[in-house]
Structure formats: structure tokens, C-alpha cells
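Only a predicted model underlies this, so the values are computations on that prediction, with no experimental measurement involved.
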Amino acid sequence: MRFKLFLLFLLILSACAKKEVLRYIPPQLPVEEVSTEALLKRTDFSNLNTVKASVKLDIQHKEQSKGTFSGVLLYSHPDRLNLRIFGPFGLTVMEALFLEGTLQVLITPTDTLYSGTTPFDTLLPDHDSFVNSIKFLEEMDNAYILYIAGAVQTDISPRHTKGLENELEKGGVRGFDSDLTLKAKYFFSKADLSLNAVELYAGGKKQVRIVRIEIYRTEGLVPSDVGIRIKDAFFHLELKDIEINKDLKDDCFSPLEASHKLPLSRFLRILEPNQ
């Protein structure tokens with residue numbers, strides 16, 4: 001009898017034991033003279049290969065809450081992410097897959113798949129592509145903004161400029177090719193040059209669509225408290241039990257399938273009132 005009680009005690013202890021979590025501690029970069037090169041150093045995520053974490057997801061539409069959900073997030077550098085949201089009894093009620101610039105959202109209870117392309121090919125800043133991009137640096141009251149634009153440079157390379165955003169969105173900047181378009185804006189804190197927001201643009205000069213990602217807290221290299229704004233929808237994700245650089249199977253990122261298929265734009269509509 002005592003032996004059985006001892007075994008039960010060991011099982012309880014093992015169930016309560018804290019999981020081993022691998023963490024990557026990034027090197028502390030000194031706050032140096034502000035330049036595009038200095039900010040680019042802070043967009044290098046090359047040592048972050050995979051992430052696994054539990055997640056809490058809050059969804060709002062036009063400031064109206066649509067619910068709070070728990071789930072699991074899997075990420076593989078540079079362009080694969082799987083987010084599974086659970087309902088009662090641990091059943092998956094929604095699954096979102098980002099794969100090489102395509103986003104799929106599967107609503108399991110209705111067997112409906114929403115899919116479409118996104119304004120971005122990778123989830124974290126792609127440091128290598130930034131090096132060869134056209135870059136502008138703008139100083140604001142509380143932040144430095146690094147602009148990433150797409151075109152061929154012709155002559156000048158301004159370092160600090162005011163009112164650049166309006167010029168870029170109109171499709172032209174003095175001294176550059178007339179087809180120059182804004183691709184992304186990266187916001188860095190003036191206090192420590194930490195990255196705290198990203199805006200991603202798509203649609204060219206005439207119709208600019210924006211995805212804004214706000215980074216409230218970072219654990220190691222991983223943004224662990226993030227807000228994502230797409231039109232009137234807001235998705236707030238909190239990551240916990242973060243595991244870094246553990247092996248993830250490729251089938252974790254297999255394309256999703258369903259009986260009913262709709263464009264991704266329809267997914268945001270189901271968040272609207274009276275839908």
C-alpha cells in the first residue's frame with residue numbers, strides 16, 4: 001500500500017514538473033549612432049530557427065470583443081507558421097497556416113477554408129533582403145522609422161527626411177525611379193533601438209493595404225506579446241512556454257484542405273456584427 005502511495009506521489013510530482021524550455025539569449029547590441037546600418041543589425045533573426053509556444057488569442061472587430069481562445073503556435077524560419085485554436089475538450093476549432101506568403105484559415109466545425117496571398121513573404125524581418133533594398137531613415141518624436149521601398153535607385157540616398165511617407169504612397173520620390181513603392185515601415189524605440197512595430201504595405205501606388213504588427217514585449221528573440229491589425233480587425237496574441245530551436249516536423253506545415261473554399265477576404269467578414 002505504501003509503495004502504491006509512493007508511486008502516486010512520484011506521478012503527481014512529474015505531472016507538476018516544469019518543462020525544459022530552450023531559450024536563445026541574443027547578444028546585447030550597444031546603442032550606437034543611429035543609421036540604417038545600425039537598425040538593420042536589429043532585424044537579424046538568423047539564429048532563430050523554430051519556435052513552439054502555447055498562445056492566448058483575443059479577437060476584436062471595431063473594438064468589439066469576439067472572444068478569447070487558447071492554442072498552440074509553431075514557427076519555422078523564415079516563412080512557415082501554424083496556429084491551432086482549441087475549443088471544448090481540446091478539439092481544434094480553427095487552424096491558420098502561413099506558408100511562403102500564402103495564408104490559409106480553416107474553420108473546422110464548418111469545414112470551410114479561407115485562403116489568399118499576404119503583403120509579406122516572411123513573418124519576421126528578412127535581414128538579408130534588407131541589405132540590398134532601398135532604405136530611408138526618418139526621425140520622429142519617439143521613434144526612428146526605417147522605410148523599405150521597391151525600385152531601382154538612380155542618384156540620391158537621403159538618410160533623414162520628413163514627409164517621406166506621403167511621397168512614397170503617391171508612388172514617387174525625388175531622385176528615384178517614378179515606380180518606387182512603399183513595401184514596409186519598421187519602428188524602433190529611441191530609448192534602446194528595439195523594434196516595436198512593423199507596417200507592411202501591398203497594392204502599389206493607387207490602393208495601399210496595410211497590415212500593422214505591434215510588438216509590446218519580446219522574450220529572447222521572440223515577440224511574445226503581439227497585436228496584429230488588419231482593416232477593422234485586431235488580433236492580440238500572448239505567447240507562453242516558448243521553446244526555441246527544437247525540431248519541428250515538416251508535416252506541421254502541410255497545406256490545409258476543406259470541402260468549402262472561399263477567398264481570405266471573406267474571413268474578415270465573419271467577424272463583423274450581424275454575420
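- A ring-ring contact (aromatic ring centres under 6.0 Å, His included) check over residues 69-97, counting only residues at least two apart or in different chains, returns nothing.
- Among residues two or more places apart in sequence or in another chain, the side chain to side chain donor-acceptor pair (under 3.5 Å) test is passed with S194 by D192.
- By the side-chain contact (heavy atoms from CB on, under 4.5 Å) test, L262 is found to be paired with T112, Y114, R266, residues two or more places apart in sequence or in another chain being considered.
- Under the side chain to side chain donor-acceptor pair (under 3.5 Å) criterion, S224 pairs with no residue, sequence neighbours left out.
- Atom CD1 of I134 and atom NZ of K183 lie 9.0 Å apart (nearest 0.5 Å).
- Contacts of D251 classified as salt bridge (Lys or Arg N to Asp or Glu O under 4.0 Å), with partners at least two apart in sequence or in another chain: none.
- In terms of the side chain to side chain donor-acceptor pair (under 3.5 Å) criterion, E63 has no residue partners (sequence neighbours excluded).
- Applying the side chain to side chain donor-acceptor pair (under 3.5 Å) test to N49 and every residue at least two apart in sequence or in another chain returns nothing.
- A donor-acceptor pair under 3.5 Å is absent between the side-chain atoms of K135 and the main chain of A149, judged by distance alone.
- Partners of V198 by side-chain contact (heavy atoms from CB on, under 4.5 Å), not counting sequence neighbours, listed by chain and number: Y186, L195, L200, I213.
- Applying the salt bridge (charged side-chain N to carboxylate O under 4.0 Å, His left out) test to residues at least two apart or on different chains, none of the pairs has a partner in residues 103-116.
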Check: residues 90-102 side-chain donor-acceptor pairs under 3.5 Å, at least two apart:
{"residue": "E95", "atom": "OE2", "partner": "N82", "partner atom": "ND2", "Å": "2.7"}

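- Taking the side-chain contact (heavy atoms from CB on, under 4.5 Å) definition, one finds that Y216 meets it with E214, D225, F234, H236, sequence neighbours left out.
- Side chain of Q104 to main chain of L256: a donor-acceptor pair is present (N/O by atom type, distance under 3.5 Å, no hydrogens or angles).
- Not a single side-chain contact (heavy atoms from CB on, under 4.5 Å) links D247 to another residue, sequence neighbours left out.
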